[in-house]
Amino acid sequence: MSYVALYRKFRPSNFSEVKGQDHIVTTLRNQLMSGRVGHAYLFTGTRGTGKTTIARIMARAINCEHPTREGPCGECDSCRAIADGSSLNVYEIDGASNNGVENIRAIIDSVSYRPTMGKYKVYIIDEVHMITDAAFNALLKTLEEPPEWVVFILATTEIHKLASTVVSRCQRYEFRRIGIDSIVLRMKELMEAEGRDIDEKALTYIARKADGSMRDALSLLDQTIAFRSEGHINYDETLEVLGAVDTEVFSRLYNGIISRNATACIGIIDEITMQGKDISQFITDFVWYLRNIMLMCASPDTESLIDISSGNMKRLKDDVTRSELDNVIRYVRVFSELLSQIRYATQKRVYVEIACIRCCEPRMAIKDPEALTDRVAALEEMIKNGNFSVAPSAQPVSADDTQQASKPAAVRADAPKAVPDDIRKLIESWSDILSDSKDELRAILRRCKPVLGDDEKLIIYLPEGDMGARLLDQDDLSNELSEVFEDRVGKKVEFSVKTSDSGDMFDNGIYDLRNLVKPGALNVPIESEDETEEI
């Protein structure tokens with residue numbers, strides 16, 4: 001006989017085996033015992049929480065010849081026929097593949113016939129939100145007033161896709177996510193039944209990773225058991241087979257972030273990648289670790305809500321003592337957004353590295369109010385350590401009747417000074433300089449005339465009254481232009497910005513340098529907005 005997955009092998013057969021849905025089980029039990037069975041039920045909730053399982057138990061129980069408070073007896077002819085799939089009283093329909101009007105008409109035709117065995121004909125329609133609007137319209141009348149021997153049980157994970165006309169005709173039951181304790185308890189029972197032994201810490205991790213879904217938890221447990229065919233299964237082996245990492249790594253990454261050590265953070269990402277770990281799962285678990293820190297920062301009383309070992313709790317508390325709640329919330333937001341970004345990304349590692357750098361460098365989040373505390377803390381640390389400097393004031397250049405000089409840009413002191421040949425090379429490559437410049441600087445340079453002055457230094461001319469001269473007088477644009485020049489010639493270029501009221505200087509177009517150099521000195525393409533020519 002072929003292997004049967006755990007979630008199928010140990011699917012609950014009565015209400016007492018259902019975990020985590022006591023509010024629903026109690027209501028359905030009371031309906032069965034009092035004979036107040038409804039004609040239409042709507043089961044909603046996330047995947048793997050027991051919707052289809054309880055629908056099957058309900059279908060057997062209302063047709064059972066000897067029902068009990070726990071549900072069907074499992075021994076009568078009706079129970080056995082439903083269990084082996086030979087009963088003509090229970091129909092399980094997949095709403096995804098039977099969603100047309102013709103499928104619904106087949107159901108409507110069949111409900112008019114009484115059941116051949118038992119009291120009720122039960123129609124279980126799974127993923128009912130997949131049924132088309134036209135098909136639902138055909139079903140509405142039957143759903144509202146079915147024959148007395150018909151019961152509909154509709155199940156869906158996306159209740160918002162159902163029309164209100166459908167929801168209003170059913171008794172609606174919300175299936176909750178199953179708690180970690182309930183999932184762990186169920187897995188322990190199944191492991192005992194299977195004769196296997198596994199660390200409780202490993203079961204807790206599986207339950208947390210399942211995110212409230214019993215089916216997901218049993219699938220992960222199945223995967224873990226397959227890793228070791230016999231013997232005890234420990235926590236480390238569970239992490240390995242599920243592509244996860246120990247919380248010690250999360251603590252190291254977190255400490256790298258709060259110490260603003262981007263190099264250490266990127267090194268940890270490289271370590272995880274080289275180990276072949278699932279990067280998406282790693283970030284998911286790290287967000288959970290940040291969540292634990294956030295709760296502990298908010299209130300020490302939340303320790304009971306954090307399900308980790310005592311050793312990991314000590315490490316977590318150490319991290320909490322070095323944490324600010326506002327910063328932790330920002331980290332949670334950054335990495336939560338990262339999860340949606342890397343879902344379909346081909347270069348997931350790059351996105352993770354960017355997120356780490358964003359957290360390590362709060363100045364990058366200048367528009368993020370949540371990063372303000374982190375930025376202020378960084379500045380305070382710099383002042384405390386004396387790790388700051390004040391830029392020296394620049395000396396103004398003298399101006400004459402027709403020319404106004406700007407203060408020179410700040411440049412890197414370790415670069416050699418440019419000579420006249422370097423200045424000429426710079427003028428010849430002015431169009432390339434435009435390409436290397438950012439938008440604001442490029443717009444100004446388009447209106448400029450570069451000239452090699454009598455003092456063998458670069459002079460940048462702008463028309464008289466041009467606002468660009470004042471902007472280039474500011475440190476940020478002046479420094480930016482200086483870096484562009486230095487990147488172009490590899491030397492420190494001393495320059496000044498002047499204005500001129502001589503219209504002839506600018507008549508030949510922004511990039512026409514024929515008035516500035518001898519004919520034939522250049523043979524480079526000169527670009528303008530309308531055409532391209534060669535000098």
Side-chain angles (χ1 to χ4, degrees), residues 6-76 78-80 82-83 87 89-92 118-128 150-157 159 162 167 169-190 192-193 203 207 210-219 221:
L6 289 178
Y7 78 87
R8 294 178 58 197
K9 182 177 180 180
F10 293 98
R11 186 187 293 273
S13 58
N14 55 59
F15 288 129
S16 61
E17 296 176 359
V18 175
K19 305 296 182 183
Q21 308 297 346
D22 294 343
H23 62 296
I24 295 175
V25 167
T26 300
T27 304
L28 296 181
R29 274 175 172 168
N30 292 337
Q31 287 190 0
L32 286 170
M33 300 308 294
S34 63
R36 298 172 60 89
V37 177
H39 70 276
Y41 296 86
L42 176 60
F43 293 166
T44 72
T46 189
R47 69 189 187 282
T49 50
K51 299 185 294 298
T52 304
T53 295
I54 290 184
R56 291 175 178 176
I57 294 174
M58 189 71 175
R60 291 198 300 270
I62 61 178
N63 281 301
C64 181
E65 297 175 7
H66 311 290
T68 67
R69 183 170 177 78
E70 303 306 325
C73 68
E75 302 294 334
C76 65
S78 177
C79 287
R80 288 198 297 267
I82 296 174
S87 174
N89 290 352
V90 178
Y91 300 85
E92 286 198 36
K119 302 176 182 178
Y120 297 95
K121 296 180 74 172
V122 183
Y123 294 85
I124 302 173
I125 306 178
D126 202 6
E127 301 300 333
V128 70
V150 172
V151 175
F152 287 99
I153 304 179
L154 315 180
T156 179
T157 56
I159 182 65
L162 285 182
V167 177
R169 286 166 166 79
C170 305
Q171 293 185 23
R172 177 176 171 180
Y173 293 87
E174 293 279 355
F175 282 67
R176 303 167 181 166
R177 292 181 184 271
I178 304 174
I180 291 178
D181 291 341
S182 297
I183 294 177
V184 170
L185 180 61
R186 181 60 176 169
M187 289 192 294
K188 282 183 179 180
E189 295 174 354
L190 304 191
E192 291 177 3
L203 293 178
D211 193 24
S213 170
M214 183 69 77
R215 183 172 64 235
D216 287 4
L218 296 185
S219 296
L221 181 61

Would you say Met187 and Leu218 make side-chain contact, with heavy atoms under 4.5 Å? yes
With sequence neighbours left out, what residues match Arg80 under side chain to side chain contact (heavy atoms under 4.5 Å, CB included)? Asp77
Nearest atoms (heavy-atom pairs only) where Cys76 meets Cys64: SG-SG, 3.9 Å
How long is the span from the CG atom in Leu190 to the OH atom in Tyr7, to the nearest 0.5 Å? 14.0 Å
Leu221 and Leu203: CA distance, side-chain angles, deciding distance, side chain to side chain contact (heavy atoms under 4.5 Å, CB included) verdict: CA-CA 8 Å; Leu221 181 61; Leu203 293 178; 4.0 Å; yes
Checking Arg177 now: which residues fulfil side chain to side chain contact (heavy atoms under 4.5 Å, CB included) with it, not counting sequence neighbours? Thr46, Asp211
Would you mind reporting whether His23 and Thr27 have side-chain heavy atoms less than 4.5 Å apart? no
With Tyr123 via ring-ring contact (aromatic ring centres under 6.0 Å, His included) - residues at least two apart: Tyr91, Phe152
Could you go step by step and tell me if Val150 and His39 meet the side chain to side chain contact (heavy atoms under 4.5 Å, CB included) rule? CA-CA 7 Å; Val150 172; His39 70 276; over 6 Å; no
Do Ile54 and Tyr173 come close enough that some side-chain heavy atom pair is under 4.5 Å? no
Measure across Ser13 and Pro72 and return the closest heavy-atom pair with its distance rounded to 0.1 Å. O-CG, 3.8 Å
What pairs meet the salt bridge (Lys or Arg N to Asp or Glu O under 4.0 Å) rule with one or both residues in residues 29-52, with sequence neighbours excluded? Arg29-Glu70, Arg47-Asp216
Would you name the heavy atoms of Ala40 and Arg169 that are closest together and state the gap between them? CB-O, 3.6 Å
For Ala59, all residues meeting side chain to side chain contact (heavy atoms under 4.5 Å, CB included), sequence neighbours excluded: Val90, Val122, Ile124
For residues 13-22, which residue pairs pass the salt bridge (Lys or Arg N to Asp or Glu O under 4.0 Å) check, not counting sequence neighbours? Lys19-Glu189
How many angstroms lie between OG in Ser213 and CD1 in Ile183, if you round to the nearest 0.5 Å? 7.0 Å
With sequence neighbours left out, what residues match Asn30 under side chain to side chain contact (heavy atoms under 4.5 Å, CB included)? Thr26, Arg69
Thr44 meets the side chain to side chain donor-acceptor pair (under 3.5 Å) criterion, sequence neighbours left out, with Glu174
Any chance you could measure Ile153, atom CD1, to Thr52, atom OG1, to the nearest 0.5 Å? 10.0 Å
Phe175 meets the ring-ring contact (aromatic ring centres under 6.0 Å, His included) criterion, sequence neighbours left out, with Phe43
Can you name the salt bridge (Lys or Arg N to Asp or Glu O under 4.0 Å) partners of Arg11, sequence neighbours left out? none
Contacts of Arg215 meeting salt bridge (Lys or Arg N to Asp or Glu O under 4.0 Å) (sequence neighbours excluded), chain-then-number -> none
In Å, rounded to the nearest 0.5 Å, how long is the span from OG1 of Thr49 to CZ of Arg176? 11.5 Å
Would you indicate whether the side-chain heavy atoms of Arg172 and Ile159 approach each other to under 4.5 Å? yes
Rounded to the nearest 0.5 Å, what separates atom CD1 in Ile178 from atom CG in Leu185? 11.5 Å
Quick one: list whatever passes salt bridge (Lys or Arg N to Asp or Glu O under 4.0 Å) with Glu65, sequence neighbours left out. none
If we only count heavy atoms from C-beta on, is the Cys170 to Leu154 side-chain gap below 4.5 Å? yes
Looking at Gly71, is its backbone amide N or carbonyl O close enough to the side chain of Arg60 to form a donor-acceptor pair, meaning the two atoms are under 3.5 Å apart? no
In short, Tyr120 meets Asn63 closest at the heavy-atom pair N-OD1, 2.8 Å
Measure across Val37 and Met58 and return the closest heavy-atom pair with its distance rounded to 0.1 Å. CG1-CE, 4.5 Å
To the nearest 0.5 Å, what is the distance between CE (Met214) and OG (Ser182)? 6.5 Å
